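Notes to accompany the following structure.
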Amino acid sequence: MKIVIDTYAWIDLLIGSEKGKKVKELIENAQEAYTPSIVLAETARKFLREGTDEKTIVMWLEIITSASVITQIDSETALEAAKCYLELAKKAKISKQNTPRLFDAIVQATARINQCQILTGDEHFRNLPETIWVE
């Protein structure tokens with residue numbers, strides 16, 4: 001199985017939650033694991049905002065980069081992310097969810113381009129065929 005790991009899943013793994021144990025197992029058993037570079041920034045922002053010291057954040061970012069292939073945003077990913085964003089926004093409106101973030105669309109675009117499933121617990125991805133739901 002090939003996976004793209006969303007910020008939600010990395011956070012659960014890094015804080016050592018019960019969901020994080022499942023995430024770790026899925027990553028270890030994956031054929032290929034990808035993390036969009038934007039997930040690094042989103043993860044750092046969350047922990048910095050919560051007061052985590054920078055040394056710990058850097059250590060956690062190193063864990064992410066050693067456990068997965070970090071993907072960059074290129075023109076193909078940008079265009080696919082724009083398409084994904086419109087789809088996610090439409091789904092969110094119908095489901096009466098908050099508007100998705102561009103981060104979410106980049107994660108989904110990365111999954112589509114690399115023919116992967118998305119490892120996440122983010123509500124915007126719930127019930128999508130490419131989602132591996134972390135509960």
Side-chain angles (χ1 to χ4, degrees):
M1 165 177 56
K2 293 168 48 174
I3 59 173
V4 171
I5 308 152
D6 184 35
T7 306
Y8 185 101
W10 277 122
I11 289 169
D12 275 328
L13 184 143
L14 295 169
I15 64 172
S17 72
E18 283 300 312
K19 293 177 190 176
K21 291 177 185 175
K22 179 180 178 185
V23 168
K24 184 176 186 227
E25 180 182 324
L26 288 166
I27 292 170
E28 288 173 346
N29 291 321
Q31 232 179 339
E32 297 173 28
Y34 299 92
T35 300
S37 59
I38 197 85
V39 168
L40 295 172
E42 192 177 29
T43 301
R45 179 191 66 174
K46 180 210 180 343
F47 287 120
L48 193 60
R49 186 178 56 219
E50 293 179 354
T52 304
D53 66 275
E54 288 184 31
K55 185 177 180 181
T56 300
I57 294 170
V58 168
M59 179 186 67
W60 284 344
L61 295 176
E62 288 172 357
I63 289 170
I64 293 171
T65 59
S66 67
S68 62
V69 174
I70 306 301
T71 61
Q72 304 302 317
I73 300 171
D74 57 15
S75 57
E76 180 185 17
T77 305
L79 180 57
E80 190 63 33
K83 293 174 189 176
C84 290
Y85 181 82
L86 294 175
E87 292 173 24
L88 289 171
K90 183 178 178 181
K91 178 183 172 291
K93 187 173 184 178
I94 292 168
S95 304
K96 297 184 176 154
Q97 294 177 323
N98 293 331
T99 304
R101 298 161 303 155
L102 187 55
F103 294 121
D104 298 325
I106 292 167
V107 168
Q108 186 177 27
T110 302
R112 286 184 178 176
I113 289 167
N114 292 289
Q115 300 174 329
C116 298
Q117 293 185 288
I118 304 167
L119 182 56
T120 189
D122 185 323
E123 286 294 326
H124 291 107
F125 296 114
R126 186 185 278 275
N127 299 324
L128 294 180
E130 63 259 46
T131 298
I132 300 172
W133 190 254
V134 179
E135 290 198 77

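Residue indices begin at 1 and follow the sequence shown. No experiment lies behind these values; they were computed from the predicted model shown.
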ask   = What pairs meet the ring pair (Phe, Tyr, Trp, His ring centres under 6.0 Å) rule with one or both residues in residues 78-128, with sequence neighbours excluded?
value = none
message = I need the Leu48 CG to Ile57 CD1 distance, nearest 0.5 Å.
response = 4.5 Å
request  = Just grab all the ring pair (Phe, Tyr, Trp, His ring centres under 6.0 Å) pairs involving residues 26-48, residues at least two apart or on different chains.
outcome  = Phe47-Trp60
task = Please tell me if the side chains of Met1 and Leu26 come closer than 4.5 Å, counting only heavy atoms from C-beta onward.
result = yes
message = Can you tell me if Glu25 has over 12 outside heavy atoms packed within less than 6.0 Å of its CD?
response = no
message = I need the minimum non-hydrogen distance between Ala105 and Ala81, along with the two atoms involved.
response = CB-O, 3.2 Å
query = Can you name the residues that form a salt bridge (charged side-chain N to carboxylate O under 4.0 Å, His left out) with Glu62, not counting sequence neighbours?
reply = none
request  = Please say whether more than 12 non-hydrogen atoms of neighbouring residues, nucleotides or ligands are located less than 6.0 Å from NZ in Lys91.
outcome  = yes
key: Derivation of the side-chain contact (heavy atoms from CB on, under 4.5 Å) call for Ile73 and Ile106   = CA-CA 8 Å; Ile73 300 171; Ile106 292 167; 3.6 Å; yes
request  = Please step through side-chain contact (heavy atoms from CB on, under 4.5 Å) for the pair Thr71 and Val4, ending with a clear verdict.
outcome  = CA-CA 10 Å; Thr71 61; Val4 171; over 6 Å; no
query = Can you list the residues that meet the side chain to side chain donor-acceptor pair (under 3.5 Å) rule with Lys46, with sequence neighbours excluded?
reply = Glu50
ask   = Of all residues at least two apart in sequence or in a different chain, which pass the side chain to side chain donor-acceptor pair (under 3.5 Å) check with Lys19?
value = Tyr8
message = For the CG atom of Leu102 and the SG atom of Cys84, what is their distance to the nearest 0.5 Å?
response = 10.0 Å
task = Assess whether atom CG of Asn29 is packed by more than 12 heavy atoms of other residues, nucleotides or ligands within 6.0 Å.
result = yes
inquiry  = Just to verify, what does Glu54 make a salt bridge (charged side-chain N to carboxylate O under 4.0 Å, His left out) with, not counting sequence neighbours?
reply    = none
task = Return each pair, listed once, that meets salt bridge (charged side-chain N to carboxylate O under 4.0 Å, His left out) where at least one residue sits in residues 92-102; pairs must be two or more places apart or across chains.
result = Glu42-Arg101, Arg101-Asp104, Arg101-Asp122
query = Would you say the side chain of Val39 lies within less than 4.5 Å of the side chain of Ile70, judging by non-hydrogen atoms?
reply = no
query = Short question: side chain of Ser66, backbone of Ile63 - any donor-acceptor pair under 3.5 Å?
reply = yes
key: side chain to side chain donor-acceptor pair (under 3.5 Å) against Asp53, all qualifying residues, sequence neighbours excluded   = Thr56
inquiry  = Please evaluate residues Thr131 and Arg126 with respect to the criterion side-chain contact (heavy atoms from CB on, under 4.5 Å), reporting the C-alpha separation (whole Å), side-chain torsions for both, the decisive distance (0.1 Å), and the verdict.
reply    = CA-CA 7 Å; Thr131 298; Arg126 186 185 278 275; over 6 Å; no
request  = Using the test side chain to side chain contact (heavy atoms under 4.5 Å, CB included), find all partners of Ala30 that sit at least two apart in sequence or belong to another chain.
outcome  = Ile3
ask   = If Ile, Leu, Val, Met, Phe, Trp and Tyr residues are connected whenever their side-chain heavy atoms lie under 4.5 Å apart, and connections chain through other members, are Ile27 and Met59 in the same group?
value = yes
request  = Return the minimal non-hydrogen interatomic distance between Ala33 and Ala67, and the atom names on each side.
outcome  = CB-O, 4.0 Å
key: Non-neighbouring partners of Lys21 that pass salt bridge (charged side-chain N to carboxylate O under 4.0 Å, His left out), sequence neighbours left out   = Glu18
inquiry  = More than 12 heavy atoms of other residues, nucleotides or ligands under 6.0 Å from NZ of Lys2: yes or no?
reply    = yes
key: Reported CD1-to-CD distance for the pair Ile38 and Gln72, which is rounded to 0.5 angstrom   = 10.0 Å
ask   = Hey, what do you get for CH2 (Trp133) to CD (Glu123), rounding to the nearest 0.5 Å?
value = 4.0 Å
inquiry  = Rounded to the nearest 0.5 Å, what separates atom CG in Leu13 from atom CD1 in Ile5?
reply    = 8.5 Å
key: salt bridge (charged side-chain N to carboxylate O under 4.0 Å, His left out) contacts in which one or both residues fall within residues 70-88, not counting sequence neighbours   = Glu80-Arg112, Glu87-Arg112
message = Could you go through Asn114 and Glu32, starting from their C-alpha distance and side-chain angles, then the distance that decides it, and tell me whether this counts as side-chain contact (heavy atoms from CB on, under 4.5 Å)?
response = CA-CA 10 Å; Asn114 292 289; Glu32 297 173 28; over 6 Å; no
task = Kindly compute the distance separating OG1 (Thr110) from CG (Asp6), expressed to the nearest 0.5 Å.
result = 10.5 Å
task = May I ask whether Val69 and Ile113 are part of the same hydrophobic cluster, defined by side-chain heavy atoms of I, L, V, M, F, W, Y residues being less than 4.5 angstrom apart, directly or through others?
result = no
request  = Find out if a path of hydrophobic residues (ILVMFWY) with successive side-chain heavy-atom gaps under 4.5 Å connects Trp10 to Ile15.
outcome  = yes
task = Taking side chain to side chain donor-acceptor pair (under 3.5 Å) as the test, write out the residues that go with Ser68, two or more places apart.
result = Thr35
